[in-house]
Amino acid sequence: MLLTLCLVVPLATFVVSFAVRRNADLQRSVSIAGSALLLLASLALGAQVVANGPVAAQMGGWPAPFGITLVADLLSAAMVVITGIIALAVSVYGLGDVDRDAERLGHHTLLHALLLGVTGAFLAGDLFNLYVWFEVMVIASFGLLGLGSRGDQIDGTVKYVALNLIATLAFLSGVGLLYGATGTLNMADLHQVVPTLENPVIVLTTAAMFLFAFGAKAALFPVFFWLPASYHTPSVTVSAVFAALLTKVGVYALIRVFTLVYDASTLPLIQNLLLWSASLTMLTGVLGAAAQNDIRRILSFHIISQIGYMILGLAVFTPLALVGAIFYILHHIVVKANLFLVGGVVRKLTGSEELGHIGGLWARTPWLGVLFLIPALSLAGIPPLSGFWAKLVIVKASLDAAYYIPAFLALLVGLLTVFSMSKIWLEAFWKPHPQPDAAATMTLSRAERWSLLTPIVALALITVAIGLIAGPFYGVSVVAAEQLLDPHAYVGAVLGENR
Amino acid sequence: MNSIILSAATRIVTPLMVAFSIFILLRGHNEPGGGFIGGLVAATAFALYAKAMGVPATLRALSLSPPTIAVVGLAMSTLAGLWGLVQSGVLLKGLWPLLTTADDGSKAGLPIGSVLVFDVGVYLVVVGSVLSILFALEADVAEENEGED
Amino acid sequence: MEIALSILVGIVVTCGAYLMLSGNMVRFLFGLALLSNAANLVIFAAGRLTYGAPPLIAPGEAGPLETVANALPQALILTAIVIGFGLLAFTLVLVHRANRSLGTVEGDAMRLAEPDEGAR
């Protein structure tokens with residue numbers, strides 16, 4: 001019941017926000033109400049999963065593995081909760097950020113279509129449905145990216161679309177081949193069938209196809225080019241949603257497929273590929289960021305670098321490493337969305353995101369400096385913020401498993417992240433504005449201050465909370481990782497007593 | 001397009017095609033057919049109408065804008081799914097309120113239920129979204145031609 | 001038959017990849033259409049081909065009387081075709097828009113979203 005509610009809420013919001021599109025105020029209220037309801041439904045689902053373990057629902061009453069199954073273990077539930085948090089944050093932020101034209105063209109409607117796709121992907125119980133939800137998400141994101149139809153937006157969208165579609169086709173072919181070999185696409189069923197396959201070639205081929213497809217969605221090295229080419233072009237609100245959720249759906253799919261469907265530890269080639277690709281992703285991301293001078297482009301490259309940490313956690317594949325990967329995802333979604341939101345406020349106050357053209361914010365608005373520093377230092381992994389614990393667990397797990405080079409790279413990349421963040425800090429906040437007179441006239445109106453700063457403060461508080469009271473969050477990650485490594489309960493919830 | 005033959009033929013063919021699409025939609029109940037394929041046929045009918053009479057005339061004839069048709073369809077399908085959720089706790093459960101089952105298992109009554117509502121929703125979604133894309137392209141090209149003149 | 005279909009898929013993928021490697025976005029679009037059809041054929045072949053036995057149940061029966069074609073891949077392909085059609089239509093509109101606002105369909109010439117490298 002709660003599972004379906006988490007999908008029905010964004011779907012209904014999508015329909016209603018379209019129906020009231022002629023009334024801008026009403027549409028905004030609908031959008032915020034929809035996000036708030038999604039958050040409530042996801043929290044209820046999370047509570048249920050924490051209390052009772054994985055839950056599943058069969059659509060139309062057709063039993064698994066024949067029908068469509070929705071299923072939530074703790075990882076899925078946690079991802080849905082965090083989706084709800086981000087949804088609420090960006091729909092409030094959007095009030096002060098998204099312009100009328102974009103709203104008229106369907107910003108709110110598309111946003112909720114995107115949330116529908118993301119939530120669906122987290123809850124999908126079989127590979128083909130995962131594909132369909134990916135497509136819902138991708139089509140909505142195409143729309144959101146190209147909404148403004150400015151030249152650079154079209155340019156960014158073309159590159160984003162091109163690579164995403166190739167990844168999608170690889171995913172679809174992989175699904176087809178796996179179905180041909182096993183006769184089922186239900187992931188819980190595949191968990192039982194795939195180990196019995198006698199032909200190692202088909203296992204490796206399909207695994208490699210999924211690795212490529214989800215790797216491209218997650219912006220792994222070497223298929224990350226689409227991300228920095230497009231993420232800085234849409235409105236800040238859209239950038240923040242993309243940064244928080246889209247790549248993480250790819251990471252989630254990688255974790256799900258390589259723990260449930262395939263056991264990554266039995267596929268050394270895939271595990272090595274994951275390991276090296278993760279290391280290079282961390283490194284290229286952070287080096288790419290160092291070369292940029294635009295706030296959102298710097299942050300975009302940092303998404304790539306951070307994805308490397310999560311995949312490193314998956315590649316090491318010890319219980320501790322998976323705990324680290326999950327903790328990292330949860331922390332990173334909050335922090336990265338917040339950095340993009342702060343970047344939007346910086347642009348509103350200084351008129352640009354190009355570091356050379358801005359400055360003087362510390363003198364004018366020290367509170368914004370604090371709000372920037374919390375997520376920025378957390379991203380770099382400074383204790384006691386959330387990023388420190390996330391990095392600590394990943395590095396410790398890598399060292400325990402004797403992966404010294406990736407662990408060293410992880411530490412080095414942390415250091416370079418400090419460099420990038422201090423670059424934004426020095427240029428945007430510390431140095432004086434090149435045209436102080438022009439900048440002084442740019443202020444936030446009262447309404448803007450409310451809608452822009454409330455989500456930033458809320459997300460910053462969550463970051464601090466994850467850092468200071470890391471215990472419960474770590475505990476959730478531990479249980480989620482246990483469920484991934486021993487999917488008995490998951491399989492039981494889906495297939496039941498041969499229900 | 002300015003062709004008397006096309007516009008005269010369209011006036012006869014379009015209603016026939018729409019009627020045929022509804023036939024396919026209803027036939028999908030137990031035999032090959034259904035909302036998706038029926039929707040495509042209907043969309044083709046309106047596309048033909050747009051080719052012969054122009055997009056504005058088609059929009060007037062449709063009286064609802066294509067995106068609205070699509071979203072109305074989506075709402076119908078969603079409601080059909082929720083119907084099952086409310087009545088039996090399972091989303092998308094097929095329900096047949098007008099159908100009674102006798103003791104010996106034989107069924108009587110009208111087989112109209114949530115599945116049909118869902119399928120009509122699919123039909124509308126397909127008509128609406130295909131026409132939205134077609135008209136968007138058509139409007140783009142028309143704008144371009146005006147710019148060149 | 002599956003072998004023949006597999007070879008066909010290989011040929012279609014080759015053509016699609018060749019077209020996609022071109023810098024021209026219109027060719028990329030055609031390549032994409034070919035590739036998505038190839039993916040659909042893969043699913044079709046994966047479901048095994050059964051000749052002349054549509055998966056239909058005769059009136060009054062509870063199930064098919066003899067071996068029939070696998071209906072699931074057909075359902076999957078239908079869904080995939082719908083999605084592929086939507087994506088292709090979107091990409092077509094996008095390339096058209098790109099041509100209008102950027103004045104080119106060459107991928108290499110689209111650099112509006114990239115930082116200005118001449119400035120440094």
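A, B, ... follow the sequence lines: proteins, then strands. Residue 1 opens every chain.
Here A:Thr157 is the residue among A:Thr157, A:Leu178, A:Thr233 with the most heavy-atom pairs under 4.5 Å with chain C. Contact tally against chain A (heavy-atom pairs below 4.5 Å) for C:Val95, C:Val42, C:Leu76: the top residue is C:Leu76. Interface check for chain C: of the options A:Asp155, A:Ile154, A:Val132, the most heavy-atom pairs under 4.5 Å are formed by A:Asp155. By number of non-hydrogen pairs under 4.5 angstrom with chain A, the leading residue of C:Val9, C:Thr79, C:Ile77 is C:Thr79.
Between the side chain of A:Asn164 and the backbone N or O of A:Tyr160, at least one donor-acceptor pair lies under 3.5 Å. The main-chain N or O of C:Met20 is never found under 3.5 Å from a side-chain atom of C:Arg27 such that the two would form a donor-acceptor pair.
Contacts of A:Tyr131 with chain C are made by side-chain atoms alone, with heavy-atom separations under 4.5 Å and no backbone atom involved. Neither the backbone nor the side chain of C:Arg100 comes within contact range of chain A, judged by heavy atoms closer than 4.5 Å. The contact between A:Ala162 and chain C is made by backbone and side chain atoms together, counting heavy-atom distances below 4.5 Å. Contacts between A:Phe142 and chain C at a heavy-atom distance below 4.5 Å involve backbone atoms as well as side-chain atoms. Residue contact with chain C, scored on non-hydrogen atoms closer than 4.5 Å, involves the backbone and the side chain of A:Val158 alike.
Counting all heavy atoms, side chain and backbone alike, A:Lys423 lies closest to A:Gln292 at NZ-O, 2.7 Å.
Side-chain atoms of A:Arg296 and A:Ser239 form a donor-acceptor pair, as typed in the model, at a separation below 3.5 Å. A donor-acceptor contact under 3.5 angstrom links the side chains of A:Gln58 and A:Thr69, judged on distance only. Counting only N and O atoms by type, the side chains of A:Ser420 and A:His302 include a donor and acceptor under 3.5 Å apart.
Here A:Phe214 and A:Phe134 bring their ring centres to under 6.0 angstrom of each other.
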